[in-house]
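Just below is one structure, and these are the notes that go with it.
These values consider heavy atoms only, across backbone and side chains, with no hydrogens, waters or symmetry-generated copies. Reminder, nothing fancy here: chain letters follow the sequence lines and each chain counts from 1.
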Amino acid sequence: MSTAALHADEHHADHHHKESFISKYVFSMDHKMISKQFLITGIIMGTVGLIMSLLFRLQLAWPDEQFSFMETLLGKWAVDGKLDPNFYMGLVTIHGTIMVFYVLTAGLSGTFSNLLIPLQVGARDMASPFMNMLSYWFFFLSSVTLLISVFIETGPASGGWTVYPPLSALEKAMPGSGLGMTLWLSAIALFIISSLLGGINYISTVLNMRTKGMSMNRMPLTIWAFFFTAILGVLSFPVLLGAALFLIFDRSFGTSFYLSDIYLEGVGALENIGGSPVLYQHLFWFLGHPEVYIILMPALGITSEVISCNARKPIFGYTAMVISLLGISFLSFIVWGHHMFITGMNPFLGSVFMILTLIIAVPSAVKAFNYLTTLWKGNLRFTPAMLFSIGLVSFFISGGLTGIYLGNAALDIQLHDSYFVVAHFHLVMGSAAIFGMFAGIYHWFPKMYGRMLNNTLGYFHFWLTFISAYLVFFPMHFMGLAGVPRRYYQFTLVKEFDVWMDVNVLMTVGALIGGFAQLFFLYNFFYSIFRGKKATQNPWNSNSLEWSAPVERIHGNWPGEIPTVYRGPYEYSRPDRELDYFPQYEQDESAPEVLKTEKSKTSPAEKEEAESSVFFAAIKKVFGLS
Amino acid sequence: MANQAEATFEKQPMWSGGRSPFNVSYGKLMMWIFLLSDAFTFSSLLVQYGAQRFSNIETAVTTSWPDPASIFNHFPFMHGVHLPLLFVSVMTFILIVSSVTMVLAVEAGHRNSKKEVQKYMVYTIFGGIAFLSCQAWEWATFIHEGARLDSNFFGITEQGYKHLQSVSFSDHFEWADGDRTWGPVPFAALFFIVTGFHGFHVFSGVVINVVVYIMTVRGVFERRGHYEMIEKAGLYWHFVDLVWVFVFTFFYLI
Ligand code: HEM
Ligand SMILES: [Cu+2]
């Protein structure tokens with residue numbers, strides 16, 4: 001239990017020690033290094049996931065073509081350069097798993113919660129740096145396990161990223177249901193541990209370690225978003241753990257939780273009795289729906305920060321933004337049934353889920369409008385980070401609107417498991433969250449590496465990615481409306497879908513452009529780590545606390561005392577200031593003396609009243625507690 | 001040190017930073033959050049149980065859900081005697097008592113009384129080990145009687161229920177031919193998984209308790225000036241105890 005001794009302050013005291021390579025770069029306990037580890041692992045996983053998607057997009061566009069490079073790359077999975085159907089399913093599954101969990105959950109939260117929570121709330125490190133380190137290494141093991149599963153004889157898990165039974169529960173159901181599925185489950189178990197260790201840390205740090213003056217209502221919206229995200233993760237991942245536990249028993253120990261007397265290739269009924277695969281779906285989506293917000297909310301938080309800073313305007317409706325995050329978080333726990341409208345659920349229950357689902361559109365719309373009103377008449381600075389944030393808003397709107405279609409049970413019976421769903425979640429989750437992540441990388445790269453990314457390359461990256469994302473995902477709406485199902489290997493085999501071949505080619509070309517665009521990013525990223533222009537202290541003239549820390553990154557973040565916070569994070573365009581912004585950590589020289597030496601003059605109770613966060617005040621008011 | 005810390009806390013309003021809003025250390029806060037999360041894990045297991053139990057229908061191949069009270073009727077050294085739920089009550093009692101001794105250990109920690117902390121921690125550890133041993137016996141008996149993960153021979157027939165009703169507490173009882181048949185498959189599997197998962201928690205709790213006990217003996221907390229680690233271990237222990245109340249209710253009482 002020596003971990004307890006690692007309380008941030010104590011271990012800050014010995015930051016003068018020369019650190020070994022291992023403790024500095026490998027088993028680092030410094031949140032800034034851990035955030036880079038998450039980011040780089042996420043980028044590697046993202047590249048793998050992207051290449052997978054290009055492979056199956058090639059298959060969809062030119063199903064009869066023989067790509068000799070594919071045989072070189074995949075060996076027996078692409079004999080004569082034609083992708084194997086089972087491996088196609090494996091690629092789709094692992095692509096989804098990687099993107100959802102490894103890039104957009106761990107890569108996004110892991111990077112930015114780690115980097116920004118201590119720096120923006122004014123803490124020397126996470127509450128428990130040791131657990132933070134463990135969190136990364138569990139994630140690392142998990143990533144390695146998942147990647148290994150791609151290389152085994154029988155291929156990776158192939159039942160889709162949601163791994164529904166019976167495909168996932170019967171070892172003989174398809175090649176990937178054997179060892180591949182076992183590895184998938186192990187990887188996810190490790191992943192859940194990692195995410196719990198991280199999430200518990202993030203919540204405690206935000207609650208407990210804020211610097212003086214950093215009341216809840218002065219926290220940047222990034223922190224609010226990471227905070228709610230962590231809460232969602234801590235409360236929903238355990239349920240997936242439970243589901244996975246039962247699945248493991250069904251697979252290996254002959255239990256019948258998710259299996260019933262199913263016929264297998266006409267061989268006769270299984271011996272299992274009484275299980276129900278629908279039960280798995282309930283447990284899975286109890287995680288699954290919060291999970292999509294675990295992915296989206298950090299991106300929304302990053303966007304709030306970037307848009308406000310680069311529009312040089314206070315964020316429109318700070319409190320509304322916080323309350324809408326809260327609303328989304330709460331609602332996301334009670335809408336999971338909208339993924340299951342066609343499972344034969346009681347229509348009344350379906351309508352309850354439908355209404356709850358549609359209510360989510362309200363806080364979502366609040367956020368979208370607040371972004372737009374923040375941009376309205378702003379003094380816009382189109383940095384790459386800003387462009388990516390605006391891109392997020394665009395995807396959030398175009399993808400969110402189709403959510404409302406899907407949330408209608410009656411419509412969803414037609415649209416479920418069609419390309420319409422694929423279009424919906426790739427826009428609202430895939431593209432929007434990836435854009436938020438890119439915005440974060442472009443914005444905080446100077447904080448992470450002390451250098452700037454190249455803007456020109458950033459613009460190429462943005463425009464190509466933006467155009468390609470719409471090129472790939474927009475046509476899918478029409479395919480889905482026409483009834484084209486998702487997860488089909490070869491549309492030329494189904495006569496009715498032949499008409500979509502040209503569209504499939506168009507989408508694949510879009511995907512190739514998108515993949516190509518990432519080269520700009522990768523080059524820019526790795527080149528700038530070593531050769532980028534040196535960053536200044538506060539390159540974006542931002543208000544938040546992280547920019548008061550010195551450019552050269554030190555263990556413990558601030559050389560002297562941790563700065564005190566005097567105001568909210570969005571004081572831009574202050575007419576009374578020489579500069580147009582007013583950092584949180586700068587004391588107001590012109591303020592009357594009383595305010596400056598506030599500590600002893602006002603009674604704690606009065607101060608409590610004045611300072612208690614808007615959010616809690618609002619809650620108190622609602623419940624009539626004041 | 002704790003007092004000193006509280007003194008500086010008081011000057012600052014609760015939520016405005018520079019202090020913990022709940023006056024707790026980050027370690028204790030983390031334990032609370034972990035327990036909240038673990039509560040969701042157990043909930044998912046119990047939801048699974050509820051869903052399978054209440055969706056179970058009597059068919060040609062399976063009976064209705066067996067009545068637990070009639071199955072868990074054994075007691076060590078009392079072979080063939082009908083003592084429904086007696087043994088599990090003893091187990092539950094042991095676990096609750098160990099929670100009480102844990103409270104006493106925490107309280108002794110507040111008084112910085114190393115001796116007493118040691119004493120009560122030993123009691124608590126013994127309680128935990130006793131509970132685990134009881135569970136081992138319970139499982140062994142259940143398996144001996146024919147419980148398996150992939151099948152369930154505890155489908156009790158009408159004749160079986162009549163037989164059970166004819167015996168009263170502490171009468172001699174043994175299953176007769178035709179009393180039992182194949183019952184709902186998940187019954188025993190759920191029992192093993194959920195009580196096993198809980199048992200695993202108890203086991204981890206015992207390990208944690210042993211570790212903090214050794215730390216106490218070595219004077220680690222004395223030097224540190226406070227026994228907060230005991231409190232954290234205590235939170236976990238009480239949680240495990242609380243979960244048992246639910247597991248007990250679901251698997252034995254209803
Ligand atoms: C207005 C808000 C939204 C509504 C009403 C909504 C509704 C729905 C519905 C009803 C489905 C199920 C479609 C089907 O399978 O038939 C769905 C699927 C999905 N949604 Fe949304 N959604 C919303 C926003 C979001 C957001 C913000 C994200 C992610 C950040 C997201 C991610 C997903 C994903 C990943 C799926 C598909 C999962 C799968 O089947 O593989 N949605 N959405
Ligand atoms: Cu959903």
Answer with side chain, backbone, both or neither: which region of B:Leu190 has an atom nearer than 4.5 Å to a non-hydrogen atom of chain A? both
Under 4.5 Å heavy-atom distance to chain A, tell me which part of B:Phe22 shows up: side chain, backbone, both or neither. side chain
Do A:Glu291 side-chain atoms and A:Ser236 backbone N/O form a donor-acceptor pair below 3.5 Å? no
Aromatic ring centroids of B:Phe192 and B:Phe142 under 6.0 Å? yes
Measuring heavy-atom distances to chain B, does A:Thr255 have an atom under 4.5 Å in its side chain, in its backbone, in both, or in neither? both
Using the ring of each side chain (for Trp, its six-membered ring), is B:Tyr120 parallel, tilted or perpendicular to B:Tyr123, with breaks at 30° and 60°? perpendicular
Need one label for A:Tyr202: side chain, backbone, both or neither, based on atoms under 4.5 Å from any heavy atom in chain B. neither
Please look at A:Ser256 and chain B and tell me whether the side chain, the backbone, both or neither of the residue comes under 4.5 angstrom of a heavy atom of that chain. both
Under a 4.5 Å heavy-atom cut-off, does chain B meet the side chain of A:Phe246, its backbone, both or neither? side chain
Is the distance between the ring centroids of A:Phe257 and A:Phe249 less than 6.0 Å? no
Give a yes or no on whether the backbone of B:Phe153 and the side-chain of B:Arg148 come within a donor-acceptor separation of less than 3.5 Å. no
Heavy-atom cut-off 4.5 Å, strictly under: side chain, backbone, both or neither for A:Asp250 against chain B? neither
Sort B:Ser25 into side chain, backbone, both or neither according to what part of it lies under 4.5 angstrom from a heavy atom of chain A. backbone
Chain B contact via A:Leu241 - side chain, backbone, both or neither, heavy atoms under 4.5 Å: side chain
Answer whether the closest heavy-atom distance between the side chains of A:Met216 and A:Leu207 falls below 4.5 Å. yes
Taking the six-membered ring for Trp, are B:Phe197 and B:Phe42 ring centroids under 6.0 Å apart? yes
Who among B:Ile193, B:Leu45, B:Leu36 has the most heavy-atom pairs with chain A under 4.5 Å? B:Ile193
Look at A:Tyr258, A:Tyr280, A:Phe286 and state which one has the largest set of heavy-atom pairs under 4.5 Å with chain B. A:Tyr258
If we ignore angles and hydrogens, is there a donor and acceptor under 3.5 Å between the side chains of B:Ser20 and A:Asn208? yes
Taking the six-membered ring for Trp and the single ring otherwise, decide whether the centroids of B:Phe251 and B:Phe72 are under 6.0 Å apart. no
Max heavy-atom pairs within cutoff under 4.5 Å with chain A, candidates B:Ala51, B:Ser55, B:Pro21, B:Ala188, goes to B:Pro21
Checking heavy atoms, do the side chain of A:Ile231, its backbone, both or neither come under 4.5 Å from chain B? neither
Would you mind telling me which of A:Leu283, A:Val239, A:Leu235 has the largest number of heavy-atom pairs within less than 4.5 Å of chain B? A:Leu235
